[in-house]
Amino acid sequence: MSGLIKNLGKMWGYRVAFGQGVLYTIMLSAFTVLFGFILALFLALLRRSKVGVLRGIATAYVEFIRGTPMLVQLFIVFYGIFSRNALGQFLPSTTILGYIDLSRFIPGIIALSLNSGAYLSETIRAGIASIDYGQTEAARSLGMTQSQTMKMIVLPQAIKNILPAIANEFVTIIKESSVCAYIGMYEIMYATQIIQGATFIIIEPLIIASILYFCLTFPTSKVIGYFERRMSRGDKR
Amino acid sequence: MATNDKLIEVKNLKKYYHKGKIKALDGVTVDINRGDVMVVIGPSGSGKSTFLRSLNLLEVPTEGSIIFEGVDITQKKVKNAEGKLVKLDIDKHRQSMGMVFQHFNLFPHKTVLENLTLAPVQVKKIPQEEAEAKAMQLLERVGLADRAGTYPIQLSGGQKQRVAIVRALCMEPDVMLFDEPTSALDPEMVGEVLDVMKELAHEGMTMVVVTHEMGFAREVGNRVLFMADGKLLEEGTPEQIFGNPRHPRLQDFLAKVL
């Protein structure tokens, strides 16, 4: 027991490494949430398209992503699409903040976004389907176009309905982003492995890592809960 | 108030489902004149709602034409002022046709005032202040000015429907379509909605009303259509329809509802 406390105490010496890992994870997740959401919106609208081919492509994409492991997708993106003799040559070799290597960061964001977008698109699709068709009819009867109706009437209500599910997805991204350690992205798990290697202490860095992940995911769901309450103004009598 | 100035000409309108197995509308032909208050009655499943919803193309008819203000809106392309074929802009025509639904369909995420000004501002590009002034003036008239800032869920059914009527009126339509506007209301709220509709009728608004309120049909309508099985079986003044029904289906229907 005293060994555990002593080792945990040693971790304080690596606070900068952990801190860098946390910042990396936050940036990775934030960008993934943003791009994943845009992709999801696009996929959800494609899956409602009148054109069968577009619907088919979107469905196939979503099913494929959901049916394969995140790690495999990450490796395909990083070693395949962004390998040195493919798109990799166009990646900037700059680092930001001194340790975030863009040639890894960008493929990481893309892989995570491609994955998250597929999952979120199903959620958004369900959200759109949950809105009474009378809303669309009312908007169209007033002369609003299909896209105005989607943007101002259907989507705001749909997003509100699916906020809890979106919050879940955000939390999932923060956790899933740990696979990026495999391609050398300096996020929490990577920092943990470095510290394990440097100190030959195995368990204590993992305990710190799990606490750090929890400190990121728990407030995230709380913040979304706050917005959920704010957006439900129209529901209260 | 009724005129002979044709506003909407409906010609041989048909709406089939399941490859013609179900005929919701089976050849309806009727002219709606400016100033008409046309009440459509009939048993449920008679096609009267489908007929009404076809007028602004919420239902796309299988066959037939709807000529609204001189333009056949069932066509994909129409001739413009220079005689060129252009794509028909149904949104443009819908701006001139207000619609009121059985279930109100107010936008729950917007306040009453936002519900009223959204389309005028976004669609007709009227300045916000002007749209708000107009909305407040109309709200005043239906006695709901004090509810402008509330959300629809805070209103009673009758209030919701009055707001829905005002929402349609804010677009300054040439015709108002009512799809069973009182059917989802508690009985004590029917009167307040019918009163607003009566007032509209007296102002000369062209109205097409699908309803089960026979009192309204008799009192406010100048023409009554009776539909059954997707067909227009009888048409006449309220006196003719209620006083001297000829078609056996109409006699049967009236015997049940009156």
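Everything numeric here is computed off the predicted structure, so don't read it as measured data. Within every chain, numbering begins at 1; the chains are lettered A, B, ... in the order of the sequence lines, protein sequences first and strands thereafter.
Once rounded to the nearest 0.5 Å, the distance linking CD1 of A:Ile153 with CG of B:Asn115 reads 7.5 Å.
A:Ser141 places none of its side-chain heavy atoms less than 4.5 Å from the side chain of B:Met97. Using a 4.5 Å heavy-atom cutoff, the side chains of B:His103 and A:Asp132 are not in contact.
For A:Glu137, the parts lying near chain B are the backbone and the side chain together; criterion is any non-hydrogen pair under 4.5 Å. Only the side chain of B:Lys110 comes within contact range of chain A, with at least one heavy atom under 4.5 Å from a heavy atom of that chain. Interface remark: B:Phe107 contributes backbone and side-chain atoms alike to the contact with chain A (heavy atom separation under 4.5 Å).
Around NZ of B:Lys198, the count of heavy atoms belonging to other residues, nucleotides or ligands within 6.0 Å exceeds 12. Within a 6.0 Å radius of CZ in A:Phe31, no more than 12 heavy atoms belonging to other residues, nucleotides or ligands are found. Within a 6.0 Å sphere centred on OH of A:Tyr190, heavy atoms belonging to other residues, nucleotides or ligands number 12 at most. The neighbour count for A:Tyr99 OH, taken as heavy atoms of other residues, nucleotides or ligands under 6.0 Å away, is above 12.
The minimum heavy-atom distance between A:Leu142 and B:Ala119, with the atom names listed, is CB-CB, 3.7 Å. Minimum heavy-atom separation, B:Phe101 to A:Ala138: CE1-CA, 3.6 Å.
Looking only at heavy-atom pairs under 4.5 Å with chain B, the residue among A:Gln135, A:Met144, A:Gln148, A:Gln146 that has the most is A:Gln135. Annotation: maximal heavy-atom pairing with chain A below 4.5 Å, among B:Gln122, B:Met171, B:Lys124, occurs at B:Gln122. Heavy-atom pairs under 4.5 Å with chain A peak, among B:Leu106, B:Thr150, B:Thr111, at B:Leu106.
The closest donor-acceptor contact from the side chain of B:His109 to the backbone of A:Met152 lies under 3.5 Å.
When the heavy atoms of residues 47-59 of chain B are compared with those of chain A, the residues falling under 4.5 Å are B:Arg53, B:Asn56, B:Leu58, listed by number.
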